[in-house]
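Nothing here was measured: the structure is a model prediction, and the numbers come from that model. Worth knowing before you read on, the calculation uses all heavy atoms, side chains too, and leaves out hydrogens, waters and symmetry mates.
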Amino acid sequence: MNGLAEFFKTLGPARLAAIATVAAITIGFFIFLSIRLSTPTMSLLFSGLDLSDSSKIVQSLEAQAIPYKLVGDGSTILVPENQVSRIRISVAEQGLTNGGSLGYEIFDRSDSLGATSFVQNINRLRALEGELARTIQSIEKVTSARIHLVLPQRRLFSNENRQATASIFIKSSSGRLSRNQIMAIQNLVAAAVPDLQPERISIVDQKGSLLARGSSEDVTSLLALSLEEKKISMENRLRGQIETLLERTVGLGKARAEVSAELDLNRITSNSEIYDPDGQVILSESSSEKISNNQENAEEDTISVNNNLPDQDQNNLQAPAIKAQSNNSTTSSTINYLNSKTIRTQIHEAGTIKKITVAVLVDGTYQDAGEGNPPVYQPRTEEDLQKLKELVKSTIGYDEERGDTVQIINMQFATVDYGEESGEEGLFEFTKADIVRFIELGGLMLISILVIFFALRPLIKFLTSPPTTFVQDTAALEGGAQAQLPPGQQQALAAPDGEGAPPPMLVNDQGQPLSSREVVQQTGDIDSAIDLAAVEGKIQATALKKVGELVERHPEESAAVVRGWLYG
């Protein structure tokens, strides 16, 4: 301990302060380095959260003592990469990501015993809105949703019947929702709410764009949109068929087609009744015959009582005389015929094809121009183009009377450099996060190497080297050590006789050089002692001269050193 104390005393306060400062900085750096390397890699847990959901998740993470990091305005949470899956399962189990909406669990948090009917109706409406919002959020590209339902109640003594309406606000992650998704949301909400029609649901996105208009007159617009989608779908289908067919002949990526279809947007309903006179059939037939017989008798000569008595006819057997007689016969026949009739109702739906226009661009052929030369472009012949045109006509169902047109043009395609893509995943292919991590570790390693070589190494060398002194610097007498001294000292070490031979080197048992006095005491060689004393004197004179120059250049520091000696 005494030796260590003496060693620190020889260093001086300035050197001790510098050593302490460098040591503190080095220790702090390595502590930071160890903490940084031991810190786990943070990965994305959830993004695009509401502040209410973020606060719930943060409370859960703090209760479990899990490190986390909030990014942005608090909507993004980062957690250690090795715990992402477990934390997501835990958050889903606790139901902490509801998008700030309440579902039917609202009835579990309130006391229904003292609640009024108005509060119950409001809670029911909130629960229905929350459940629908959660369902809509599960659709692809939908990050959050809010629903406002208007369910009118029928008033007493009122014949007015108001219909239910709904408005939906949707926040999508990337791009705009397709028409099929919008109609799916409308039908989903309409099926879950009583007396709500899909056309009475309005949908707005985060950009303020009206995706669906909620009005009773929206049927026409919906029909127009469906026809537009039908037109686009048909054009895409025909374009895909044409390109697929041509690429098998001209090569992959060497054919581009554009199809424009003109549709009839009129919906026509026609009724007609057609009678066929040649197709008559007997519906009913009736006949009647009428025969009449008229006879006039001659008048009798006498009229008496005997003629009016009973049984007088039997007595009078003689037939009366006929004065005039006529016979009539009439026959009639009625036949009802039924003509064949055809009743035809034709509905000409909107969306039939009126005209199709096709434009096809085809690349030519390329001939090999030899090694090291680019291929030479060769245009296609008219015969080849005509064959390709016939293929396109057969694909689209070409109708000349309808006015369809097909154009095929042969032009050279521009060269596009897509870069080298490898479909196989190699062993050393890293993600962007891995590359950033490697760069970070490389930077920390570089800083560590710089600290070791430019801070620790000089400090250790400074601490292990003995203090510089020229009083007992007899090491210059050793062979090969003479070159380490200044030129003046090297000349002083030369022999006094000018022969250039150094005096003999005498050392003790520990291998340390002997002073001139010790040489005289041990060997009695006065000449060697005198030569050694001369060398020591010159070394001391040189050291004193350097100390004097140092004091002249730094008088204040020299005075501080002297004061330190006096205090010691």
### Partners meeting salt bridge (Lys or Arg N to Asp or Glu O under 4.0 Å) with Arg239 (sequence neighbours left out)
Glu258
### Message
When you compare the side chain of Val360 with that of Val358, does any pair of heavy atoms fall below 4.5 Å?
### Response
yes
## Note on the structure
Separation between OG1 (Thr357) and CD (Glu235), nearest 0.5 Å, reads 9.5 Å
#### Entry: Qualifying salt bridge (Lys or Arg N to Asp or Glu O under 4.0 Å) pairs with a residue from residues 397-410, counting only residues at least two apart or across chains
Arg402-Asp404
### Query
Do Ser55 and Gln59 have a side chain donor and acceptor closer than 3.5 Å?
no
### Query
Is there a side-chain contact between Val250 and Asp363, using heavy atoms and a 4.5 Å cut-off?
no
### Message
Any donor-acceptor pair under 3.5 Å linking the side-chain atoms of Arg86 with those of Gln83?
### Response
yes
### Query
Quick check: does any side chain N or O of Ser60 sit under 3.5 Å from a backbone N or O of Lys56, one acting as donor and the other as acceptor?
no
### Query
side-chain contact (heavy atoms from CB on, under 4.5 Å) with Arg344: which residues, sequence neighbours excluded?
Ser272, Ile274, Gln346
### Query
Would a 4.5 Å heavy-atom cut-off, applied to side chains only, mark Leu388 and Val392 as touching?
no
#### Entry: Contacts of type salt bridge (Lys or Arg N to Asp or Glu O under 4.0 Å), residue Glu247, not counting sequence neighbours
Arg256
### For Met445, all residues meeting side-chain contact (heavy atoms from CB on, under 4.5 Å), sequence neighbours excluded
Ile449
### Message
Among residues at least two apart in sequence or on other chains, which ones pass salt bridge (Lys or Arg N to Asp or Glu O under 4.0 Å) with Glu383?
### Response
Lys387
## Note on the structure
Taken in chain and number order and not counting sequence neighbours, the residues that satisfy side chain to side chain donor-acceptor pair (under 3.5 Å) with Glu81 are none
Output a table of donor-acceptor pairs, distance under 3.5 Å, between side-chain atoms of residues 282-290 and any protein atom two or more places apart or on a different chain; print 'none' if there are none.
unit_1: Ser284; atom_1: OG; unit_2: Asn336; atom_2: ND2; d: 2.5
unit_1: Ser288; atom_1: OG; unit_2: Ser332; atom_2: OG; d: 2.3

#### Entry: Residues in side-chain contact (heavy atoms from CB on, under 4.5 Å) contact with Val71, at least two apart in sequence or another chain
Thr76, Leu78
### Task
Under the side-chain contact (heavy atoms from CB on, under 4.5 Å) rule, collect the residues that match up with Asp276, sequence neighbours excluded.
Asp278, Ser340
### Query
Are Ser233 and Asn236 close enough that a side-chain donor and a side-chain acceptor fall under 3.5 Å?
no
### Query
By salt bridge (Lys or Arg N to Asp or Glu O under 4.0 Å), which residues pair with Lys354, not counting sequence neighbours?
Glu262
### Task
Keeping to residues at least two apart or across chains, list the ring pair (Phe, Tyr, Trp, His ring centres under 6.0 Å) pairs with something in residues 367-408.
Tyr366-Tyr377
